[in-house]
Amino acid sequence: MSGGGCSIVWFRRDLRVEDNPALAAGVRAGAVIAVFIWAPEEEGHYQPGRVSRWWLKQSLAHLDSSLRSLGTALVTKRSTDSISSLLEVVKSTGATQLFFNHLYDPISLVRDHRAKEVLTAQGVAVRSYNADLLYEPWEVHDEEGRPFRTFAAFWERCLSMPYDPEAPLLPPKRIISGDVSRCPSDNLIFEDESEKGSNALLARAWSPGWSNADKALTTFINGALIEYSKNRRKADSATTSFLSPHLHFGEVSVRKVFHLVRIKQVLWANEGNRAGEESVNLFLKSIGLREYSRYMSFNHPYSHERPLLGHLKYFPWVVDEGYFKAWRQGRTGYPLVDAGMRELWATGWLHDRIRVVVSSFFVKVLQLPWRWGMKYFWDTLLDADLESDALGWQYISGTLPDGREFDRIDNPQFEGYKFDPNGEYVRRWLPELARLPTDWIHHPWNAPEAVLQAAGVELGSNYPLPIVGIDAAKVRLEEALSQMWQLEAASRAAVENGTEEGLGDSESGPIAFPQDMQVEIDQPPIRTNPTTAVVRRYEDQMVPSMTSSLLRIEDEETSTDLRISEESSRAEVPITMNVTQEPLREEFSQPHMPTVRNNNNPPQFNFPLGRRNSEDSTAESSIGGRRERDGGVVPVWSPSTSNFTDPFVSEDNNGLGSSSSYLQRHPESHQLLNWRRLSQTG
DNA sequence: CTCCTCTTTGA
DNA sequence: CAAAGAGGA
């Protein structure tokens with residue numbers, strides 16, 4: 001058969017056949033070639049960690065078998081450049097159309113935009129869709145068309161949009177396969193020998209794949225959802241939805257989650273079930289936070305590496321790899337923090353509550369650079385998700401307008417009694433403290449010598465003393481903050497005097513990641529606690545054995561770093577991105593409206609003229625500034641790449657330059673991104 | 001029981 | 001900084 005006219009469906013983080021708009025479009029258009037391209041190098045620092053790769057592997061196998069039962073198979077490609085691979089697939093199959101679903105992380109935004117340009121130039125019709133969000137980021141804005149700046153306002157708007165999120169699509173009944181005889185799959189390798197042992201254990205606790213995700217969803221909605229509110233405080237409650245890894249890989253559609261939960265909501269509201277209603281609202285809020293993380297990433301595509309509030313760049317972080325290591329190993333001397341870190345290391349999982357505890361401790365008490373912590377989460381979490389994690393860490397670090405105060409330190413001792421009142425969680429993950437009475441379990445340093453002795457605890461020997469005292473941390477935090485404000489004021493004064501461009505140029509970029517990011521093998525977190533009577537489903541199943549597996553990744557990372565740093569001082573995004581820089585900038589820096597547009601659809605955004613004007617000048621200057629400073633390493637549209645004119649970053653700046661968010665500056669690219677409407681008319 | 005203030009908490 | 005909750009008058 002001839003491949004002419006067939007279409008490519010490019011799977012990424014939408015590994016499902018149900019409610020997959022790109023797949024549905026491909027099926028509608030005729031013969032389909034389903035493709036997955038594994039190009040981790042494109043992700044720069046944020047290549048998936050071991051557990052994340054394990055998940056991906058299972059999920060792809062699952063997708064492949066679903067596709068086979070529908071009539072086609074998944075073509076897999078190993079690549080360092082997704083777009084070249086797409087072109088190869090086009091060439092070898094004669095495909096004339098490409099369909100994919102949107103992603104919103106900074107790297108994908110650049111890559112996907114370029115994919116559209118390149119493939120379109122090759123005569124391939126490209127369409128992309130929303131499969132990951134209730135509403136696209138550009139659909140949600142205030143009266144004046146500006147993006148929201150606080151979560152509450154954003155979420156309120158989402159819940160009161162004039163139209164509902166799209167209803168979920170059913171899976172295709174049958175897929176006609178395109179001709180892939182000249183397009184062989186590459187064998188993708190997601191784990192090496194040394195990782196297999198650890199990974200085998202994951203399989204006993206988790207079942208990746210879209211139909212399993214669907215089961216997990218049903219189980220949760222008919223089970224733990226009603227108790228969600230009641231249980232959310234418990235550190236070790238097994239009543240979270242456990243959907244996050246499924247959602248990360250798009251195995252289940254948020255829209256489906258939303259619709260099903262809504263049905264329960266109506267039901268419980270009618271029954272007058274207050275607890276149920278509260279639970280639903282809370283759960284929906286966590287869905288909302290996921291939406292918001294994409295929203296923020298889209299509007300501020302640098303949020304994974306730069307604080308959204310500019311003053312924080314002057315904060316004198318404690319650059320202490322010893323602290324960092326102690327935190328990773330769960331040896332800070334604060335039982336709740338240490339228990340969390342050991343659970344994370346052992347299982348790749350952490351209750352949301354504990355994520356807040358350990359990250360807040362990291363930022364406020366240890367005062368380590370938040371990006372280090374975020375990177376460690378990225379490497380170890382099963383549900384590692386760049387947008388969500390960036391949002392979480394920015395929130396903790398007080399760099400969101402509605403985030404918590406920077407100067408308020410949460411005391412792990414008190415949090416311990418709040419989230420783990422009986423110390424069960426601590427005892428499970430810190431066997432060395434297992435015999436300590438509950439009265440002292442969250443502050444062993446205060447325990448009488450006799451108590452410690454009876455419990456077999458020797459502080460400083462088999463369990464550490466606190467590496468930083470809370471009082472000392474408070475003092476240091478106050479000093480650091482006042483220093484920060486001074487520097488910030490000085491910089492602002494410099495700007496006003498015109499003594500310098502005021503671009504914050506002194507800043508040489510974020511503090512580099514330490515070379516060694518892994519937990520040492522000689523300090524294996526000890527497994528489960530033998531004296532704990534409670535046996536939970538996840539306890540022994542999720543604990544991987546210790547291997548040296550991660551050393552390999554570390555090597556890779558190091559070499560990547562070295563390679564990139566020859567080219568650039570900031571190795572955030574792979575150097576291949578530089579290629580895109582010139583053409584993109586050319587196009588983007590033009591203020592005129594795009595020439596390519598569907599005339600039936602008005603532009604998504606019409607900016608009030610006054611704002612556009614004031615914005616243009618800012619945009620120009622920032623483009624100038626960007627050129628010399630960054631070498632185009634950051635996604636090129638990043639508004640604050642050069643001068644922090646973002647609303648988050650400098651409030652005074654008559655606010656408007658402000659509006660130089662990606663979407664306001666470059667409405668044309670959104671036009672390109674928002675193909676759904678186009679596809680519906682044609 | 002209501003009102004007021006103090007405390008806690010929040011994405 | 002504001003809303004909600006706790007505790008006291």
Side-chain angles (χ1 to χ4, degrees), chain A residues 104 133-135 137 140 142 147-159 228-235 240-241 243-244 247-248 254 258 274-275 277-300 303-304 306-309 311-312 336 340 350-365 370-371 373-374 377 381 383-421 470 474 481 485 647-648 651:
Chain A
Y104 309 90
L133 294 174
L134 299 175
Y135 299 102
V140 185
D142 68 14
F148 289 105
R149 301 184 42 196
T150 60
F151 170 72
F154 165 81
W155 189 229
E156 195 182 322
R157 177 74 187 148
C158 286
L159 291 175
Y228 192 78
S229 148
K230 201 177 94 197
N231 287 315
R232 85 203 133 106
R233 309 199 107 214
K234 296 295 282 309
T240 56
S241 69
L243 287 175
S244 53
L247 281 165
H248 172 74
V254 256
F258 186 76
R274 291 285 298 131
E277 272 188 275
E278 200 191 332
S279 287
V280 166
N281 289 336
L282 271 168
F283 179 69
L284 285 180
K285 192 164 122 188
S286 67
I287 295 292
L289 286 166
R290 181 181 172 283
E291 298 270 311
Y292 191 56
S293 72
R294 270 83 179 140
Y295 188 76
M296 293 301 275
S297 176
F298 182 79
N299 286 308
H300 312 279
S303 60
H304 63 307
R306 261 165 212 275
L308 286 165
L309 291 179
H311 58 219
L312 210 77
L336 186 65
L350 213 47
H351 185 103
D352 183 55
R353 217 73 210 193
I354 304 302
R355 295 183 196 203
V356 173
V357 170
V358 301
S359 53
S360 155
F361 182 84
F362 184 93
V363 172
K364 310 278 179 78
V365 178
W370 62 273
R371 287 177 63 258
M374 191 183 107
F377 269 26
L381 277 172
D383 59 359
D385 181 282
L386 199 54
E387 295 96 308
S388 294
D389 292 346
L391 183 69
W393 282 87
Q394 296 250 8
Y395 161 65
I396 293 302
S397 313
T399 57
L400 296 174
D402 50 353
R404 42 178 67 184
E405 311 278 314
F406 198 123
D407 54 2
R408 198 165 80 207
I409 289 189
D410 299 302
N411 189 326
Q413 174 183 339
F414 302 142
E415 289 179 315
Y417 286 107
K418 231 183 291 172
F419 306 139
D420 181 31
I470 296 295
K474 272 187 188 144
L481 284 171
W485 291 119
F648 284 108
E651 300 290 339

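In what follows, every chain begins at residue 1, and chains take the letters A, B, ... in the order their sequences are listed.
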Peer 1: How would you list, by chain and number, every residue that makes a salt bridge (Lys or Arg N to Asp or Glu O under 4.0 Å) with A:R353, sequence neighbours excluded?
Peer 2: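 A:R353: no salt bridge (Lys or Arg N to Asp or Glu O under 4.0 Å) contacts found.
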Peer 1: Would you call A:D383 and A:R355 a salt bridge, taking side-chain N to carboxylate O under 4.0 Å as the test?
Peer 2: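 Yes, charged N to carboxylate O under 4.0 Å.
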Peer 1: Nearest whole Å is fine: how far is C:dA2 C1' from A:R408 CZ?
Peer 2: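 Answer to the nearest Å: 12 Å.
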Peer 1: Stacking check: are the rings of A:F151 and B:dA11 less than 5.5 Å apart at their centres and under 30 degrees in tilt?
Peer 2: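 No, the aromatic ring of A:F151 does not stack with the base.
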Peer 1: In whole angstrom, what separates A:R353's CZ from B:dA11's P?
Peer 2: 9 Å
Peer 1: Can you list everything that forms a side chain to side chain donor-acceptor pair (under 3.5 Å) with A:E277? Sequence neighbours excluded, please.
Peer 2: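 A:E277 satisfies side chain to side chain donor-acceptor pair (under 3.5 Å) with no residue once adjacent residues are dropped.
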Peer 1: Mind calculating the distance between CZ (A:F406) and P (B:dT9) to the nearest angstrom?
Peer 2: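 The answer, rounded to whole Å, is 20 Å.
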Peer 1: Atom CG of A:N411 to atom C1' of B:dT7: distance rounded to whole Å?
Peer 2: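 Distance check: A:N411 CG to B:dT7 C1' gives 16 Å.
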Peer 1: If the cut-off is 4.0 Å, is A:R355 near the phosphate of B:dA11, judged by side-chain N/O to OP1 or OP2?
Peer 2: no
Peer 1: Parallel, tilted or perpendicular, judged at 30° and 60°: which one describes the rings of A:W155 and A:F151?
Peer 2: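 Plane angle under 30°, so parallel.
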Peer 1: What's A:G288 touching, base or sugar-phosphate or nothing? Going by heavy atoms closer than 4.0 Å.
Peer 2: nothing
Peer 1: Measure CD/A:Q394 against C1'/B:dA11 and give the value in whole Å, please.
Peer 2: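 Interatomic distance, CD of A:Q394 to C1' of B:dA11: 12 Å.
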Peer 1: A:Y292 has an atom OH; how far is it from atom P of B:dA11, in whole Å?
Peer 2: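 Between P of B:dA11 and OH of A:Y292: 12 Å.
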Peer 1: Just to confirm, is there a sub-4.0 Å distance from OP1 or OP2 of B:dG10 to any side-chain nitrogen or oxygen of A:K285?
Peer 2: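 No, because none of the side-chain N or O atoms of A:K285 sits under 4.0 Å from OP1 or OP2 of B:dG10.
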Peer 1: Could you state the CG-P distance from A:N281 to C:dA4, rounded to the nearest angstrom?
Peer 2: 14 Å
Peer 1: What integer distance in Å separates A:E415:CD from B:dG10:P?
Peer 2: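 Going from A:E415 (CD) to B:dG10 (P), I get 10 Å.
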